[in-house]
Amino acid sequence: MKIIVQKFGGTSLDTAEKRGLAVEHIKSAKELGYLPVVVVSAMGRAGKPYATDTLIEIAEEACFNINPREKDLLMSCGEIISAVVMVQSLQKTGLAATALTGAQAGIITNDNFGEAEITKVDPMRIVRYLKEGIIPVLAGFQGITADGEITTLGRGGSDTTASVVAAAIDALYIEIYTDVEGVMTADPNLVENARILDKVSYNEVCELAYQGARVIHPRAAEIAMKENIPIKIKSNFNKNSGTLIHNQGLRGIKGNRPVTGVTSRRNIAFIKISPQKPAEYATGLIVFKILASHGISVDFINIHPEVISFVVEARNSEKVKQLLEKYDFVFEFNDGYVKVSVVGGGMTGRPGVMARLVEALNQEEIEIYQTTDSHTTISCLIRIEQEKESLNALHKAFKLDL
Ligand code: ADP
Ligand code: ASP
Ligand code: MG
């Protein structure tokens, strides 16, 4: 069987017209002799009636603290509604289709509500429908625990559903349809001159996704890389070929270009702790142990005798403040930062990348509060007000618009 997985994001499904375009992509795949397995996200973004954020808002209106279990139950409805509506749209054009929840599709997870990990996929039911010539339309972003609790896979997790299902049924490739042309050198909503990347390596796309480019969920890219399943990221709104993600090793595809893309992650809080005794390095050890034992990850760590600084995601702000107060640390806490990153397999072992980055930001009078780097990424901590400016400056400095 020539099976492929076609995943449609929320912004490709929020009007009858857009769903019609999605149906055309599914129909074309069938006409070419493929057996498509369809994965859908909840329809639309915040503000649309059945979008994930809207569902959360409704429950929060009743009571702000939703139990994680109930929150997952609620969020899973968005994708289920979407799957049913897609089945109706397919049936209208004469294509036989059946909607499946994550549980019915055999997606088993642990019970980490809100960020559940898939422990097993039993594709028996999907395969049965494919053999009967029926298109399975799966509600993305959800699964079920061994004892029957509904879970979700983390925001943006429908991409993960597409990858795990593709791996379980030996799909030839995955197509991810979205509202942009593919993986681009930057988010086109922030950088006007962003260009589409025809091909990009799994490593680069994973790194871009981890550093905030939400065009694909990092876990989805990671699974596809491990299983060596090619991914095509395409626009739902045309027939362009989009971006092919495949195995190009660590080096960037454009050999002579150190940076492949720029990206940013918002909602970062910056914390500075003043150790109470000079040169008290033990303070750092205690702080990081406390935060780790509460499952809070830290980044941009800097340990100095007079100050220990690090950042956390803003969603953990309250918890971190409470912990630091509880243990009597003297600290400064500031919200409103963004992590801006340049990513490229081609920067490994290449001198001058950091210099070019600092120069580009200096020229625009953008203050860098911290930096970190790995062999494929350099990240800077910047004030949120300067996010767009810094992305554009870096995009230009690394000639990504050419
Ligand atoms: P979907 O509903 O299709 O899953 P998402 O909002 O999750 O859509 O992802 C698509 C969005 O990702 C785009 O609208 C774009 O704003 C954003 N994005 C961020 N970085 C990039 C990038 N490097 N290339 C393309 N899109 C990007
Ligand atoms: N609907 C979910 C979200 O908004 C999952 C997804 O879109 O992939 O996060
Ligand atoms: Mg998405």
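In listed order, ligands and their atoms are each counted from 1.
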Determine, for F113 and K71, whether the Lys NZ or Arg CZ falls below 6.0 Å from the six-membered ring centre while staying within 45 degrees of the axis. no
For T11, take its heavy atoms, then give the atoms of ligand 1 lying under 4.0 Å from any of them. 2 (O), 3 (O)
Using a 4.0 Å heavy-atom threshold (strictly under), name the region of V180 that reaches ligand 1: side chain, backbone, both or neither. side chain
Under 3.5 Å, side chain of Q142 to main-chain N/O of S76, donor-acceptor pair present? yes
Give a yes-or-no answer on whether the side chains of N110 and T119 include a donor-acceptor pair shorter than 3.5 Å. no
Which heavy atom of the protein is the closest neighbour of atom 3 (O) of ligand 1, given with residue, atom name and distance? T178 OG1, 2.6 Å
Once the angle between the rings of F329 and Y327 is folded into 0 to 90°, is it parallel (under 30°), tilted (30 to 60°) or perpendicular (over 60°)? tilted
Inspect the contact between D159 and K7 and indicate whether a charged nitrogen and a carboxylate oxygen are less than 4.0 angstrom apart. yes
Ligand 1 to R214 polar contact by distance, N or O atoms, under 3.5 Å: yes
Atoms of ligand 1 close to G182 [distance to a heavy atom under 4.0 angstrom, numbered from 1]: 24 (N), 25 (C)
For M184, the ligand 1 atoms whose distance to one of its heavy atoms is below 4.0 Å: 22 (C), 23 (N), 24 (N), 25 (C)
F8 and S82, any side-chain heavy atoms less than 4.5 Å apart: no
Any heavy atom of E181 sitting closer than 4.0 Å to ligand 1? no
Report the member of G10, A209, G140, G44 with the shortest heavy-atom distance to atom 2 (O) of ligand 1. G10
closest protein heavy atom to atom 4 (O) of ligand 1 is K7 NZ, 3.2 Å
Check: N189 N/O within less than 3.5 Å of ligand 1 N/O: yes
Just by distance, do the side chain of D299 and the backbone of V311 share a donor-acceptor pair under 3.5 Å? no
Is it the case that the side chain of T160 and the backbone of R219 share a donor-acceptor pair, with hydrogens and angles ignored and the cut-off at 3.5 Å? no
For the residue pair E192 / N392, report whether a side-chain donor-acceptor contact shorter than 3.5 Å exists. no
With only distance considered, is R45 within less than 3.5 Å of ligand 1 through an N or O on each side? yes
Heavy atoms under 4.0 Å from ligand 2: which residues qualify? S41, A42, T52, E79, F141, R155, G156, G157, S158
Which part of R195 is near ligand 1, with near meaning a heavy atom under 4.0 Å away: side chain, backbone, both or neither? neither
Please confirm whether Q211 approaches ligand 1 to less than 4.0 Å, judged on its heavy atoms. no
Test item: S163 side-chain N/O and A220 main-chain N/O as donor-acceptor pair under 3.5 Å: yes
Indicate yes or no: does E389 engage R383 in a salt bridge with an N to O separation below 4.0 Å. no
side-chain contact (heavy atoms from CB on, under 4.5 Å) assessment of I233 paired with T178: CA-CA 7 Å; I233 302 197; T178 184; 4.0 Å; yes
Okay, side chain of Y50, backbone of D14: is any donor-acceptor separation there less than 3.5 Å? no
Which residue and atom name correspond to the protein heavy atom nearest atom 14 (O) of ligand 1, and how close is it? D179 OD1, 2.8 Å
State whether the shortest distance between N or O atoms of G212 and N or O atoms of ligand 1 falls below 3.5 angstrom. no
Do D179 and K18 meet the salt-bridge criterion of a basic N to acidic O distance under 4.0 Å? no
Strictly by modelled atom types, are S309 and Q370 linked by a side-chain donor-acceptor pair under 3.5 Å? yes
Atom 27 (C) of ligand 1 sits nearest the protein heavy atom V215 CB, 3.8 Å
With a 4.0 Å heavy-atom cut-off (strictly under), which part of A186 contacts ligand 1: side chain, backbone, both or neither? backbone
Tell me the protein heavy atom at minimum distance from atom 17 (C) of ligand 1, and give that distance in Å. D187 OD2, 3.7 Å
